Amino acid sequence: MRILFRVAQWIGDGNRRIVEKIRELAETEENYMIIMRELDRVTGQIVQARKRQAPATLTLTDWFVTLEDFHWKCAYCQAKPFQIMCHAFPLAEKGTTPENCVPACYACCRYKKAGNMRVSAYLAAKAHKHAEKEPAASS
């Protein structure tokens, strides 16, 4: 997991996404495949948010943190491995942000309930952490 975060941070630091370099940093083909799959997932959702002029601040590192927080399982049922990135609230409303994206299985994402206590509490904590960081950044 440490390797995934290290490569995600390297990408987030603005380095060019050179496949050969990412493969080298990933150390194993399995890590490389995970990184590229999740990078594509995050990038695709960021593009969708920008098309809708919605917030688009989720990074690969943010996404890996969220996946780890839910042990790479569905945030809603916690029974199945996650299959997709799910926006807890409509994309056009809350965007693709750390405070709106969770891992989900297809069934739970399709029938998600915004009132799911686990997911709501998790996202509220993320929003609170984000709000605490903002004043320091603007000082």
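For clarity, every value in this text was computed on a predicted model and none was experimentally measured. Computed over heavy atoms, backbone and side chain alike; hydrogens, waters and symmetry mates excluded.
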Do [X] and [Y] have side-chain heavy atoms sitting under 4.5 Å apart?
{"X": "Glu24", "Y": "Tyr32", "value": "no"}
{"X": "Phe82", "Y": "Trp72", "value": "yes"}
{"X": "Thr57", "Y": "Thr96", "value": "no"}
{"X": "Tyr106", "Y": "Lys80", "value": "no"}
{"X": "Leu39", "Y": "Val42", "value": "no"}
{"X": "Cys101", "Y": "Trp63", "value": "yes"}

Nearest heavy atoms of [X] and [Y], plus distance in Å:
{"X": "Ala26", "Y": "Asn31", "result": "O-ND2, 3.0 Å"}
{"X": "Cys105", "Y": "Cys77", "result": "SG-SG, 4.1 Å"}
{"X": "Pro55", "Y": "Thr97", "result": "CB-CG2, 3.6 Å"}
{"X": "Val119", "Y": "Ala88", "result": "CG1-CB, 4.3 Å"}
{"X": "Gln78", "Y": "Phe70", "result": "NE2-O, 3.3 Å"}
{"X": "Ile3", "Y": "Leu25", "result": "CG2-O, 3.6 Å"}

Side chain of [X], backbone of [Y]: donor and acceptor closer than 3.5 Å?
{"X": "Asn100", "Y": "Gly95", "result": "yes"}
{"X": "Glu99", "Y": "Leu123", "result": "no"}
{"X": "Asn15", "Y": "Trp10", "result": "yes"}
{"X": "Arg23", "Y": "Glu29", "result": "no"}

NZ or CZ of Lys94 within 45° of Phe89 ring axis and under 6.0 Å: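 So Lys94 does make the cation-pi contact.
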
CE/Met33: more than 12 non-hydrogen atoms of other groups inside 6.0 Å: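 No, not enclosed.
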
Arg37 atom CZ: more than 12 heavy-atom contacts under 6.0 Å: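 Counting neighbours around CZ of Arg37, more than 12 heavy atoms of other residues, nucleotides or ligands fall under 6.0 Å, so yes.
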
Short side-chain donor-acceptor distance under 3.5 Å, Thr66 and Asp69: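 No pair is found: no donor N or O on one side chain lies under 3.5 Å from an acceptor on the other.
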
Any donor-acceptor N or O pair under 3.5 Å, side chains Gln45, Arg41: no

[X] side, atom [atom1]; [Y] side, atom [atom2] - distance, nearest 0.5 Å:
{"X": "Thr59", "Y": "Ile11", "atom1": "OG1", "atom2": "CD1", "answer": "10.5 Å"}
{"X": "Arg110", "Y": "Cys86", "atom1": "CZ", "atom2": "SG", "answer": "13.0 Å"}
{"X": "Gln9", "Y": "Asp13", "atom1": "CD", "atom2": "CG", "answer": "4.5 Å"}
{"X": "Leu4", "Y": "Ile34", "atom1": "CG", "atom2": "CD1", "answer": "5.5 Å"}

is_close_aromatic(Tyr111, Tyr76), centroid dist under 6.0 Å: no

According to a hydrophobic-cluster definition based on side-chain heavy atoms being under 4.5 Å apart (Ile, Leu, Val, Met, Phe, Trp, Tyr only), do [X] and [Y] belong together?
{"X": "Phe64", "Y": "Met85", "answer": "yes"}
{"X": "Met1", "Y": "Leu67", "answer": "yes"}
{"X": "Ile18", "Y": "Ile35", "answer": "no"}

Working for salt bridge (Lys or Arg N to Asp or Glu O under 4.0 Å), residues Glu27 and Arg6: CA-CA 11 Å; Glu27 295 184 10; Arg6 184 172 44 119; 3.0 Å; yes

